[in-house]
Structure formats: C-alpha cells, structure tokens
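The structure under discussion appears below in the form of structure tokens.
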There are 2 protein chains.
Amino acid sequence: MIDARLITLRVFSSAGTIARTAELTGYSPSAVSTQLRELQRSLGMKLMTKDGRGIRLTVAGRHFVTGLDDVVAQWELLKASALAADGQAQSHLGLGGFSTAAAQLLAPLAATLRTTRPHVKVQLMEAHPQRCLDLLLAERIDLAVIVAAQTSGSSGAGARFEQTVLLDDQLDVVLPAEHRLAMNKTVSLEELAEDPWITESEQSVYRALFVAAFASLGATPRVAHEAVEWETMIAFIAAGLGVGLLPRLATLGGGENVVRRRISGAAKPSRRIVAVTRKGSRGSPLIQESLTALQTIAQGIISQRLTDELDG
Amino acid sequence: MIDARLITLRVFSSAGTIARTAELTGYSPSAVSTQLRELQRSLGMKLMTKDGRGIRLTVAGRHFVTGLDDVVAQWELLKASALAADGQAQSHLGLGGFSTAAAQLLAPLAATLRTTRPHVKVQLMEAHPQRCLDLLLAERIDLAVIVAAQTSGSSGAGARFEQTVLLDDQLDVVLPAEHRLAMNKTVSLEELAEDPWITESEQSVYRALFVAAFASLGATPRVAHEAVEWETMIAFIAAGLGVGLLPRLATLGGGENVVRRRISGAAKPSRRIVAVTRKGSRGSPLIQESLTALQTIAQGIISQRLTDELDG
DNA sequence: AATAATCGTGCACAATTGGTGCATGATCGA
DNA sequence: TCGATCATGCACCAATTGTGCACGATTATT
C-alpha cells in the first residue's frame, strides 16, 4: 500500500546490495535498480552513491530511511487498528522462522489457525533469523520466530520491529558416547572448560551465547571446529572431535555414539526465542491471535520440558 | 509516492462523491470507483457503504481517514525535511488561489520564483477557497492562498493543513454614485444599517464576515440581493439596488456610477488571507521560500495601502 | 598478473496494471 | 413521470513496470 519503491528502499538499507534486495523482495535486480533510481528521481534527491562495485546509502539516504521507518510503522499501526476496529481481517498471513522454530512453533500455529480462521491463507517460510527480519521488511512475511540477538539488529531494529518473548530454550551439552562424563546425569560447563568445542561460526548468535556462558565463569574454552548445521556438529562430536551445545528444542536426530546431557552449575546458557513483527502491526487481530497462540504453544513446550525434567 | 488510492480516498472524504473526487483528482469516475474498491479489497475492510444514489464513508472508514491524515502528514514532513537537508529541490510547484489572490499575490510570487529558481516549473490555478483545499489534498497543487474561514474547514482541517497568515484585507463599502453618503470620504456601517445590502450567498465566507460585522454593532441589516461575483454585485449597486462590501484588494473594475469608500467607526470588517499547505510540507525549501516571498509581497501591499491611506 | 566472481545498469521486449469511455441500473428531485 | 445525478461494470487501450540478457566496472582468487 505504501509505495513498493519505498519498501524496496527499506529492504535495501538492510540488505546492502541490489542483488540481495532483489532476492529478498522477489524482484529482479534490474527492477530494483530501476525502482531505486525512479524513487530518487521522483523525490528529486540523491539517496545512494556508487561505492566500489556496489552502491551505498548517502547520509541523506540514511536520514530518509530513518524517517521512513517511522512513517511505515505508523502506517502499519493504522492498518492494524483499523482492522481491529472493523472486525474484518486480512486474508493472508506469512510466517517465517528458523529450522527448529518452524517445526515446533510455527507448524502448530498454522494448524491452529486453520481451524480458527479457515479462510486465511497461511504461508510458512523457513529462513535464518537475519533473513527472517529482511523478509519481514520486504513484507514477504508478517511474523517471524527467531532467536533473539543481543546485538539486536544492526540498523535501528527498534524502529522497525517489535518483539514478543516466547520462551527461553535451554542449551544441553552433547558428548561423545565414550566421553569421560557421558555417564553423568548432568554436566557443568566448568567440567568441560578444557575440552575442545564445536560451535557455529564467529559472529553467529550461538557463538555469542557460548562465549557469554563461559565468560561468566571466567573461562575461554578452545574452539576446535565450526559447524553450521546441528547435524554436522553432532557428526563431529560422534567422531570424538569435541563437545558441543545443542538447544533443547533441537532433536538429536538419531545421533549415534553421542549423548545429550543437561547442564548443571552456575552457568546455564539458553537461547531466547522471540516472535517478531513489523512495528505497528501487532494490533492486527490476526497477528494478535497468532502471538497469543504462539505463547500458548511455547507454554506447552515449557511445561512438557518440566515433566521431562522430573522424569529424567 | 504514498499510494495513489490513499490520496484518492482522502480526497473523497472531503469531496463526498465519486464524481467530485474524479473531477478533483483528474481521474475518470470509473477509475476512482475502481481505486476505492481495490483499496478496500486489499485492506480487507469495508470503508464505504451505499447511501442513496451516492456512497458514504463508514465509521471504520472515517477512523481510517483520520489516521491516514497523520500518516500523510508525517510523510510530507519526511519528504520536506529530507529535501531541506539534502539541498536538492523539487522541480515542480503547483499554486492555487481565488481570484484576487491569484492576481495580486500568486502572480508576483511566480515571477519571483522564475528568477530565483529558474528550473522549477510553476503552475498557477485559480479556484475558489474550498476547491483550493481539495486540490491541495489531491496533490494537484502544493500551496494555496485563500480567505481564512472561521468555520475552518468541515472535517478536521487541522490534521490536514497548515496556515500562514499573509495579510488582513480590509473591506470597503461600495455605494451608488447618487447615494446620500457618496460624497463622504468615509462611511461607518452604522450609517448604512438601514440600507438594502447585496452580499454573497448564505454560508459563504463573505456573508459570514458581513453578519459578524453588523452583529458587533447589534444590527441585522436587510439582504436585498445576492451575487457570486464582485462584478455582478457592483452592477447591482450601480443600478441602485443597494450597497455592498468589497475587499480592498479587489479592483472596482471600471465600475460606472459607483463609488468606493473606506469604512470608519467601530466595526471595521476585513478578510484574512492566508497561505495553506499540506500539513508537514512546510519545511520544504521551495515551500519555505514561497511562503516568505508571499509574506514579503503581502507586506508590500499593506504598505502600499498605507500610503494610499495617507493620500486619500 | 590473469582469471573468475560479483555487482549494478542499460536496453529490447513482454505482460500486467490501471485508466478511459460508454452503457446500465439505481435513486432523488421536480 | 421525466430528467438529472451518481456509482459501477465491461471492453478496449495505453502506459507503467518487470524480465532477461549483455556489458562495464570492481574486487577476490589463484
């Protein structure tokens, strides 16, 4: 409704390159290029400038985008409150989430919505957290479930998104079956301070959690290997290459030769899973209902985990 | 830049009918009809409903428009401040004003802009005050010079427009040449309380001024005839049908058999001439410059009038 | 130093969007 | 009852807007 070119600009401000913007918005690169040029022409101002082989926002451009964030947020707010007041509801809802969230939270949500709002077309989309945010910007999805980043978004995420905490997903350790602590019911991080670790790549959310957990103990463990997928990490661990952290929500996936153990002791790292919406859109009935449903589902998971806790 | 359909909706909220909206926006009626329907469909809400042979905003629709006013204002603000910060300027400027204003204020302004901003395409448009406001809404013009209405706009003009006072244009009386007071240098309204008057139609701005002026004297003079154009009124007066009020800025236009006299005494009615812009757009360099230029021109007129005063 | 990879843009072409003009049905005023 | 006004549906048409590919430029790689 807000001019598509403005949305494109907003995505570009997060994506950084025309190519990525095109991929996120679903346009072709030349379309994005044209849109942005046309936008500048019709505004009568230079928003971007060449920078090496790419392009980059000018100072004016960044200011403009900042202001645009407010306008878009207010527009979303208007749309949401109008929908809420009118009783009518939108007919389409795009949901995004990273792997485990998509499986454990979004799938039940979609199932719920199918019964409560049969006429709403729900579209699921699995994507990594940062990509979820970009898709949110690009209006490809309306709600995303991601892992909260402490470095909460590079460029003023507060002006663009709103978060709702769903649950704190505690991390377990995964050990080789023949590990010296494999027989213990629980393991503390202190006991593993000297072990070689397998984590995600630098600058990833999980690496940050990992570092923070050990920093609180005054230790800096050795990172022996890096993996992107849990499955890869588990394979490494099964091969005896080290130990690793795995969120409780993530399944071990038939991992042979590895055991999962709860973490005891002072440092109990967890990842915070949040639902994110475009700023202002939270008041929409459909979003509202989705959020509360998600919280219910999350509650269910937490209590499920508690009973597991008693069993284990 | 904001979706055209939203602008159309805004205009409709002021115009009231599809036909008038079409005329104001420059679209055909069927285009407006389609736009508004499409808007409702893509928002998933009913903004308007049939009402007799026309259509009318629903409650939800009115709320929506109210919120939309804020969004549009914020967007204008963003655009203006971005232009101001960037130094660049828009290439087009639409000016609107009612007859005398167009002649005496807008023409000089256009002349000034032609020298200070040669590359800006200025477009003049003469229209009645209410129509000027609608054209402003429809983005056909960017600045209008109108007579301030004390009933300042029907539907929340404050949320849509911003005013800048230019000058107070005093009203003179016009008398038939053979009138008993025609020889006096000045005439007071009290002396004319019993005369038959010729004014504009009920509910017009000038009628309101007329009524207010006499109300302050505790009198309610008799309105014998009504005229829309000054010229018509003057012709009536020349024919001896009554007396009338004429703004100082309005020329007598070779009126035979009539005389113009200053008003003395307690009640000195005047019409307030203001410049109006869309809310938020005032910060744009071009608008800014136009406003100050207008004030300068208005000052010139006032001082010109002062010297006349001394002469007369 | 040379080659490959990536990025943005320009252009011809295609398709969808979006507007016009006219006819129609409905409502209101005289 | 007739005419006027209003909104809308439809066929047609135009202009905007996106695609696909080629190209020049710049950076990374070997």
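Convention: sequence-line order gives letters A, B, ...; per-chain numbering from 1.
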Rounded interatomic separation in angstrom, taking CG from B/Leu47 and P from D/dA7: 16 Å
Whole-Å distance separating the NZ atom of A/Lys50 from the C1' atom of C/dT6: 17 Å
Separation of atom CD1 in B/Ile18 from atom P in C/dT27, rounded to whole Å: 16 Å
Salt bridge present between B/Arg20 and B/Glu23 (N-O < 4.0 angstrom): no
For atom CG of A/Leu36 and atom P of C/dG8, their distance in whole Å: 10 Å
Residues, nucleotides or ligands: over 12 heavy atoms within 6.0 Å of A/Arg56 CZ: yes
SB check B/Arg207 B/Glu226 (cutoff 4.0 Å): yes
A/His63 atom NE2, neighbour heavy-atom count above 12 within 6.0 Å: no
Distance in angstrom units between B/Arg56 CZ and D/dA7 P, rounded: 13 Å
Any B/Arg37 side-chain nitrogen or oxygen under 4.0 Å from OP1 or OP2 of D/dA7: no
Gap between atoms CD and P, on B/Glu23 and D/dA7 respectively (whole Å): 13 Å
Between D/dT5 (C1') and B/Arg20 (CZ): distance, integer Å: 14 Å
A/Trp230-A/Tyr206 aromatic ring centre distance below 6.0 Å: yes
Interatomic distance, B/Ile55 CD1 vs D/dG9 P [rounded to whole Å]: 11 Å
side-chain contact (heavy atoms from CB on, under 4.5 Å) partners for B/Ala138, two or more places apart: B/Val11, B/Thr25, B/Arg140
Reading 5' to 3' through nucleotides 14-30 of chain D, protein heavy-atom contacts under 4.0 Å coded B for base, S for sugar-phosphate only, - for none: ----SBB-----BBS--
